[in-house]
Amino acid sequence: MTQYWVIIPAAGAGKRMASAIPKQYLTLNQRTILDVTIANFLSHPQILGVAVGVSPNDEHWAKSEWATHPQVIRYDGGTERAETVLNGLQVLLAVGVDETANVLVHDAARPLVTHDALTRIMAHDGSEGALLAIPCKDTLKLANETTQSIGTVDRSAIWQAQTPQKFPLMALLEGLSTALEENLAITDESSAMELLGWQPALIEGEATNLKITVPEDLVMANAILASQTHTQQ
Ligand SMILES: Nc1ccn([C@@H]2O[C@H](COP(=O)(O)OP(=O)(O)OP(=O)(O)O)[C@@H](O)[C@H]2O)c(=O)n1
Ligand SMILES: C[C@](O)(CO)[C@H](O)COP(=O)(O)O
């Protein structure tokens, strides 16, 4: 079975969470969100190691249960997510990861991804990359500047992107470098690859793989964790 390195961007400030500490260090079932995320990956047999991008002035990483683990590399993230991921790709090259290898990129703020979903995206053998995503289930409204509905968007072709996202290391490095050089506001890896003309596969994920962004997401994540057995070590 193919084995993978994972880049976990964890250098964000968590502004929308409005918490005293960056949200990736908030507690989920007596562990930090970041430690739960790392545990989820390192407990999967196809994961070789994790490169975690944290803020250069991060004061919390040293207390992580993974801070000294041999399969975990800490590196300096950037001011934007794309920069943090790009720095991670450079780190993987520096430690000898093959340029042709596919790598996974996964938000630190998504601790509940299941091994089943990880196995499915790693098993996907398409040539244009892949990402976990979920088809839109709600009716979508278009809002005007006073938050009134001015129309309904056809949701039949709308999917919500999640992570992990999987791309060849060097291709992703080119995509992110291009997007950053052109000052393009990209919020995930697949949008950078689409700029190069790639059409990555959408691999259906799970609604429980939520990104913890605002306080109510943490309430939901705790409820999901309490109701499901996640394979974590
Ligand atoms: N410069 C940045 C910005 C974000 N991230 C990471 O990208 C993931 C998804 O981003 P998001 O949920 O937006 O996190 P934040 O940027 O921290 O949140 P906010 O936008 O509310 O500040 C998070 O794990 C976050 O730590 C990162 O590594 N480097
Ligand atoms: C990568 C991502 O989680 C896919 O939905 C999302 O784009 C991250 O966006 P954010 O604004 O950095 O949270």
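Start at 1 and go down the list; that is how both ligands and their atoms are numbered.
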Check: Does ligand 1 have an atom under 4.0 Å from some heavy atom of K23?
Finding: yes
Ranked by distance from atom 22 (O) of ligand 1, the top protein heavy atom is K15 N, 2.7 Å
Judged by heavy atoms only, the candidate from L210, T187, L131 nearest atom 6 (C) of ligand 2 is T187
re atom 8 (C) of ligand 1, the protein heavy-atom contact at minimum distance is D107 OD1, 3.5 Å
Decide whether the shortest distance between a heavy atom of R110 and an atom of ligand 2 is less than 4.0 Å. yes
Is any N or O atom of M17, backbone or side chain, closer than 3.5 Å to an N or O atom of ligand 1?
-> no
With the 4.5 Å side-chain cut-off for hydrophobic clustering, are V52 and L93 part of the same group? no
Heavy-atom proximity to atom 1 (N) of ligand 1, picking from A11, G78, G88, points to G78
Taking atom types as modelled, find out whether E206 and T114 have a side-chain donor-acceptor pair closer than 3.5 angstrom.
yes
Polar atom proximity, T163 to ligand 2 (N or O, under 3.5 Å): no
Can you find an N/O atom of G53 closer than 3.5 Å to an N/O atom of ligand 1?
no
Determine all donor-acceptor pairs shorter than 3.5 Å in which one atom belongs to a side chain in residues 118-125; sequence neighbours excluded.
{"unit_1": "T119", "atom_1": "OG1", "unit_2": "H44", "atom_2": "NE2", "d": "2.8"}
{"unit_1": "T119", "atom_1": "OG1", "unit_2": "H115", "atom_2": "O", "d": "2.8"}
{"unit_1": "R120", "atom_1": "NE", "unit_2": "D116", "atom_2": "OD2", "d": "3.1"}
{"unit_1": "R120", "atom_1": "NH1", "unit_2": "E204", "atom_2": "O", "d": "2.6"}
{"unit_1": "R120", "atom_1": "NH2", "unit_2": "E204", "atom_2": "O", "d": "3.0"}
{"unit_1": "H124", "atom_1": "ND1", "unit_2": "G126", "atom_2": "N", "d": "3.2"}

Decide if atom CD of Q71 counts as having more than 12 heavy atoms of other residues, nucleotides or ligands within a radius under 6.0 Å.
yes
### Query
Regarding T79 and E83, is there a side-chain donor-to-acceptor distance under 3.5 Å anywhere?
yes
| query | Do N87 and T84 have side-chain N/O donor and acceptor atoms under 3.5 Å apart? | reply | no
Heavy-atom proximity to atom 11 (O) of ligand 2, picking from K211, Q165, R16, Q162, points to R16
Answer with yes or no whether the side chains of Y25 and D58 bring together a donor and an acceptor at under 3.5 Å.
yes
- Answer yes or no: does an N/O atom from I212 fall short of 3.5 Å to an N/O atom of ligand 1? no
- Message: Taking distance alone, with N or O pairs closer than 3.5 Å, would you say K211 contacts ligand 1?
- Response: yes
Donor-acceptor contacts under 3.5 Å from residues 129-141 side chains, at least two apart:
{"unit_1": "T139", "atom_1": "OG1", "unit_2": "R155", "atom_2": "NH1", "d": "3.3"}
{"unit_1": "K141", "atom_1": "NZ", "unit_2": "T152", "atom_2": "OG1", "d": "2.7"}

Atom 12 (O) of ligand 2 has as its nearest protein heavy atom R81 CD, 3.8 Å
Exercise. Are Q148 and T146 close enough that a side-chain donor and a side-chain acceptor fall under 3.5 Å?
Worked result: yes
